[in-house]
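Below: the structure, in C-alpha cells.
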Amino acid sequence: MPQAPVSDSIIEFIKVTKIYSPDVVALNDISFNIRQGEMVFLTGMSGAGKTTLLKLICSLERPSKGLIEIMGEDINKMKSRDLQKLRQQTGVAYQDFKLLPKHTVYQNIAMPMEVTYMQPKQIKERIAFLLEAMDLTRKKEIQTDRLSRGEQQRVAIARAAANAPPLLLADEPTGNLDPTNTELVVNLFTALNQAGTTMIIATHDRSIYKETDHKIIDIDQGEITIHNNQAS
Amino acid sequence: MPQAPVSDSIIEFIKVTKIYSPDVVALNDISFNIRQGEMVFLTGMSGAGKTTLLKLICSLERPSKGLIEIMGEDINKMKSRDLQKLRQQTGVAYQDFKLLPKHTVYQNIAMPMEVTYMQPKQIKERIAFLLEAMDLTRKKEIQTDRLSRGEQQRVAIARAAANAPPLLLADEPTGNLDPTNTELVVNLFTALNQAGTTMIIATHDRSIYKETDHKIIDIDQGEITIHNNQAS
Amino acid sequence: MTPRYILIQTGRNLKQTWGTQIMTLITVSLSVFMFSFFFLVYTNMLNTGERLGDHIRLIVYMENEVPPEMEEQLATKIRQFSAVEKIVFKSRQDAFSDLSEQLNDDRDVLFDLGSDFLPPSIEVYPKRDLKSLTHIKLFSDFLANLPGAVKVQYGRDWIERFGSFTQLIQLIVLCSGILLILTATFMVASTIRLTVVSRQNELEILRLLGATKAYFQTPLILEGVIQGITGSIIGLTCLFSLYAWIKIKFAGPSFLEIFTLTFLPGSVTFSILFVSVSLCTLGSYISIRKFLKI
Amino acid sequence: MTPRYILIQTGRNLKQTWGTQIMTLITVSLSVFMFSFFFLVYTNMLNTGERLGDHIRLIVYMENEVPPEMEEQLATKIRQFSAVEKIVFKSRQDAFSDLSEQLNDDRDVLFDLGSDFLPPSIEVYPKRDLKSLTHIKLFSDFLANLPGAVKVQYGRDWIERFGSFTQLIQLIVLCSGILLILTATFMVASTIRLTVVSRQNELEILRLLGATKAYFQTPLILEGVIQGITGSIIGLTCLFSLYAWIKIKFAGPSFLEIFTLTFLPGSVTFSILFVSVSLCTLGSYISIRKFLKI
Ligand SMILES: Nc1ncnc2c1ncn2[C@@H]1O[C@H](COP(=O)(O)OP(=O)(O)OP(=O)(O)O)[C@@H](O)[C@H]1O
Ligand SMILES: Nc1ncnc2c1ncn2[C@@H]1O[C@H](COP(=O)(O)OP(=O)(O)OP(=O)(O)O)[C@@H](O)[C@H]1O
Ligand SMILES: [Mg+2]
Ligand SMILES: [Mg+2]
C-alpha cells in the first residue's frame with residue numbers, strides 16, 4: 001500500500017500506469033518520488049516513455065491507473081484553477097519546443113511571465129539575462145521560425161526558465177546543440193538548481209550527467225530503475 | 001577563378017555566399033566539392049550554417065552569390081522539371097522531420113515512392129525493409145503525431161532513404177536517439193553508402209564520426225575547414 | 001490584470017491576425033447589411049400595402065335600403081368577420097348625389113332618369129394592412145352572402161392581383177430571410193473556424209503556460225465585441241446610404257405619393273446592433289471554450 | 001500516372017479532409033441555390049408583368065373622328081414613341097355599341113340619349129412587358145399631346161402604382177443580386193482559404209519530395225470539379241423542390257391564373273451548372289498555383 005508521502009517530496013508517483021489506446025503500455029506500475037531541490041536525469045531508449053512521464057507530471061496526459069501528487073496535491077483532484085497555478089510554477093522545455101513561429105524570440109520568452117502578470121521592467125531584465133546565458137542576444141528580435149533548430153531549442157529552454165519556476169522539466173534539451181552550447185545549458189540548469197529549482201531532465205546525452213552524482217531514473221519496457229550515479 | 005569541375009563530383013560549391021535578409025551572413029564565400037559515393041560529415045556550432053548548406057544543395061534556398069552545381073547542373077539555371085527530378089533523386093531527413101502528422105508511418109514513408117510512381121508491390125517490400133532497419137515495424141499503422149520524438153526521427157530517416165536515392169542529406173539525424181538506435185541509423189547509412197549513395201550528414205554527435213575516416217566539413221563563422229578524419 | 005493590459009493585448013491580437021480580422025469584419029457587415037436590407041424592404045412593403053389599401057372599398061349593393069335600426073347589427077356582423085376601417089351605409093339618394101358629383105359637368109345627363117334608379121349600398125373600407133388585402137376575395141364572398149345583398153363590387157381584378165402579388169413577395173422575403181440566416185450563420189461559423197485555426201497554436205501554448213481563463217478570454221471576447229460593433233455599424237451605414245440613394249433616385253412626387261420610404265425605426269436599428277454584437281461575442285466565447293476544455 | 005491512381009488519390013484526399021469538403025459543398029450548394037432562386041424570381045416577375053399587361057389599354061378620346069386616311073399616319077407616330085401591341089380606332093358609333101354591350105340588361109337607359117353622345121377614341125394596347133408598364137405615365141402624356149386628343153384615360157392609379165411597385169421590385173432584385181455575388185464570392189474565397197490552410201503542409205512536403213505538377217494538380221482539380229458538379233446539382237435540386245412546393249401550396253386556380261410559375265429553362269440551368277463547375281475548378285487551380293510558385 002502507498003506509504004505516507006515524504007514531507008519534502010515535490011513529486012510522488014504511486015503505482016502509476018499509462019496505457020495509450022489501444023494497447024501501448026508506456027509506463028507500467030511505476031512508483032518513485034522526487035524531493036524538493038533535486039536534479040534528476042531521465043534516461044531510456046527512444047520510445048521508452050520519458051516524454052510520457054514528463055507529460056504526466058505537468059498534466060498533459062492523465063494516468064490510466066495510479067496516483068500522482070505534485071507539490072502535495074493529487075493531480076486527479078485538481079480544479080482548473082489549481083492546474084493553472086501548477087503550470088505557472090512548472091517550466092517545461094518541450095522536446096518539440098512548442099514555440100510560436102511568428103513571434104519574436106523576445107515575445108516567446110516573455111509569454112510565461114506575462115501570463116503571471118509580471119512587471120514589464122522585470123520581464124525585460126529577466127529576458128536580457130536569459131538571452132545572455134543562452135547566447136541569443138543577437139537574435140532577440142528575430143521570429144523564431146527564422147532561427148536555426150539549435151537556436152530554437154535554446155529559446156525553448158529560456159522560456160522554461162523564465163519564471164524561475166520551482167519545478168523545471170526539460171525534454172531532450174541538448175539534442176540539437178553542439179558541446180559549447182550544451183555547456184551553456186548545463187550551466188544554466190546547475191545555477192537554477194542551486195537556487196532551489198527541482199529539475200527533471202530527460203536526455204540521451206550521457207556527457208551531461210556522467211560526471212555528476214545526481215539521481216538517474218532509467219526507463220526500460222515501462223519499468224524504472226533508479227541509480228544514484230556515484231558509482232559510475 | 002573557378003576551376004573546371006572534377007568529372008565525378010556530384011556537388012560543387014564555388015564561392016558561395018548566403019545572406020539572410022537583412023544581415024545574417026550564414027555562409028561566406030565557400031567553395032568545395034563532393035565526389036560521387038563519398039560520405040561527408042558537416043559540423044559546426046549551433047547556428048553555424050549547416051542546415052543552410054543542406055538547403056542550398058536541395059534548392060530550398062538560393063545562394064546570394066556564387067555558383068552551385070548538383071549532378072553537373074547549375075541550380076540557378078534549372079527548370080521546374082529538372083528541379084523535381086533532382087528532388088526525387090535526393091533523399092532529405094530534415095532537422096524538423098516534416099512528417100505529415102495525420103498520416104501513418106507507412107503512408108509517410110511511401111510518399112517519395114508514390115511521387116515517382118513506383119509499383120505498389122515494390123513500395124511494400126521497401127517499406128517492410130526500412131521499418132525493420134529502423135525498428136519501427138510495430139508502429140507501421142500509427143499516425144506519426146502519436147509517436148515519440150525519436151520514433152518520428154527514424155520515420156524521417158526511413159523516408160529519406162525510401163527511394164534509395166543517389167544523394168542523401170541528413171540533418172542532425174540522431175539528435176533524439178539513444179546509442180542503440182543511433183547505431184541502427186549509422187548501420188543503415190553505411191549500407192546505403194556502400195551501395196553507392198553519396199551522403200552528407202550534419203551532426204553534433206561526435207560518436208558517429210569520430211571512428212571513421214570520412215571527410216569532415218566544419219563550418220565556423222561562415223567559413224569552412226575540411227578535415228580528412230584519419231588524423232583524429 | 002489592468003485595463004491597459006487588456007487593451008494592449010487586444011490591439012496586438014487584432015494586429016497580428018489582421019487578415020482574418022478584416023475577413024470577419026466584412027462577413028459581419030455583409031450579414032448585417034443583408035438582413036437589415038430585407039427587413040427594410042419588408043417594412044416598406046407593409047407601409048405600401050397600407051397606402052394602397054387607402055383606395056380600396058367594397059361596395060355591397062343591397063336589394064332594399066337598410067333600415068337605420070339594422071345598421072348597427074349588420075356592422076357588427078361584418079366587423080366579426082374581418083377588421084374594417086369604416087362602414088358607410090348609402091341610400092338610393094346618396095348614391096345618386098355621389099354619381100352626379102362624379103359626372104360633374106356632364107351631370108345633366110342624369111336629370112332625365114330620376115333620383116332613385118341607383119340601388120342602395122353599403123361601402124366597406126377594409127383595414128389597411130396586407131392581411132386584409134390578401135384576403136379580400138374571401139371577404140367579398142362573405143359580404144355577398146349578407147341578407148339582402150345583391151352584388152359586391154370592388155376593383156376586383158387589380159386588387160386580387162395585387163393581393164396575390166403581395167403574397168408572392170411575402171414568400172420571397174421569407175425565403176430570402178431563411179437563406180440569409182443560413183448564409184450568415186454559415187459565414188460566421190467558417191470565419192470563426194479560420195480564427196480558431198489561426199489561433200489554435202497560440203491558445204494551446206498559452207494554456208500550457210498556465211494562463212488563466214481571464215488572460216485569454218478577456219482580450220478575445222473584447223475582440224468579438226469590437227467586431228460586432230464595427231461590423232454592424234458598417235452594415236447599417238451601407239444600408240442607410242443605399243436607402244438615401246434610392247430616395248434621391250426616385251425623388252419624383254408621383255413615386256413618393258405611393259411609397260413613402262421610411263428607414264428602420266431607431267428601436268429596430270438598435271436591436272440589430274445589439275443582436276449582432278451578442279452573436280459575435282457568443283462566437284468568440286464558443287471558439288474559446290473549445291480550448292478551455294482540452 | 002494511371003486513371004486508377006488519380007481516382008484513388010482523389011478519393012483519399014476527399015476522405016482525409018471530409019470536414020472541409022462538406023463545408024465547401026454546402027457553400028457551393030447554397031450559393032448556387034441563392035443565385036438561381038433570385039434568378040427564378042426575376043424570370044417569373046417578368047412573366048407576371050406580361051400577364052398583367054394583358055388588361056391594360058390607354059383610351060385617347062378625340063375631338064373628332066380620325067379620318068381613315070389619317071389612321072396610318074397616327075399609328076406610325078404612336079409606334080415611334082413606344083412599342084405597342086395594337087391600336088384600334090373607334091368611331092362614335094363603335095363607342096356607343098361597346099357601351100350598350102357593357103350595360104347589357106340596362107341598355108334601355110341609353111336609347112334616349114342618341115348614339116353620338118360618346119366621343120370617338122383610339123385604344124392603344126401597350127406591349128406587354130415591364131418596360132412599357134413602368135413608363136406608362138410618360139406614354140399617356142405623349143398621347144394626350146396628339147393633335148385632336150382631348151383626354152387620355154387608363155386605370156391610372158392602379159397601373160401607375162403597379163409600375164412603381166415593379167420598379168421597386170426590380171431594384172430589390174438588383175440589390176439582392178449584387179449582395180449575392182458578393183456573398184458567394186466571399187464564401188468561396190474563405191472556403192478555399194480553409195482548404196489551402198488545411199492542405200498547406202501536405203502540398204509543401206509533396207513539393208519537397210519532388211512531386212510533379214501533374215501529381216498534385218490532377219487529383220486536386222478533379223476534386224474541384226467534383227465539388228462544383230455535386231454542389232450545383234444539390235443547389236438546383238433544392239431550388240426545384242422549393243419551386244414544386246410553392247406550386248403545390250398555391251395551386252388555387254385564381255392564383256395560377258395570374259402567375260403561371262415556370263422553372264428556369266434548361267439552357268439557364270445548364271449555364272448555372274457550367275459556371276459553378278468552372279468557378280470551383282478555377283478555385284482549386286488558383287489555390288494550387290500558390291504552392292507551385294514557392
Ligand atoms: N530564414 C531565415 N531568416 C533569417 N535568418 C536565418 C534563417 N534561417 C537561418 N537563419 C540564420 O542563419 C544562421 C544559420 O542557420 P542554420 O539553420 O543554417 O544553422 P545550423 O548550423 O543548422 O544550426 P543548428 O545546429 O542550430 O541547426 C543562424 O544564425 C540562423 O539564425
Ligand atoms: N499519443 C500517443 N498515442 C499512442 N501512442 C503514443 C502516444 N504518445 C506516445 N506513444 C507511444 O508511447 C511510447 C512512449 O513514448 P514517449 O514519447 O514517452 O517516448 P520517449 O521516451 O519520450 O521517446 P523519445 O526518446 O523517442 O522521445 C512510444 O512507443 C510511443 O509510440
Ligand atoms: Mg520523448
Ligand atoms: Mg540546423
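As the structure is a prediction and not an experimental result, all values here were calculated from the model. In the text below, chain A, chain B and the rest are named by the order of the sequence lines, each starting its count at 1.
Proximity to chain D is absent for every atom of Thr90(B), based on heavy atoms less than 4.5 angstrom apart. Only the side chain of Leu60(B) comes within contact range of chain D, with at least one heavy atom under 4.5 Å from a heavy atom of that chain. Residue contact with chain D, scored on non-hydrogen atoms closer than 4.5 Å, is absent for Arg81(B). Interface remark: Glu114(B) contributes backbone and side-chain atoms alike to the contact with chain D (heavy atom separation under 4.5 Å).
How far NZ of Lys98(B) is from CD of Glu204(D): 6.5 Å, rounded to the nearest 0.5 Å. To the nearest 0.5 Å, the span separating CD1 on Ile205(D) from CZ on Arg159(B) amounts to 5.5 Å.
At distances below 3.5 Å, not a single donor-acceptor pair connects side-chain atoms of Gln84(B) with backbone N or O atoms of Thr212(D).
Of all the heavy atoms in Met111(B) and Leu209(D), the pair that sits closest is CB-CD1, 3.6 Å. Taking all atoms of both residues into account, the shortest heavy-atom contact from Arg87(B) to Leu208(D) is CD-O, 3.5 Å.
Summarising the local packing, CD of Glu132(B) is surrounded by 12 or fewer heavy atoms from other residues, nucleotides or ligands at distances under 6.0 Å. Within a 6.0 Å radius of OH in Tyr20(B), other residues, nucleotides and ligands contribute more than 12 heavy atoms.
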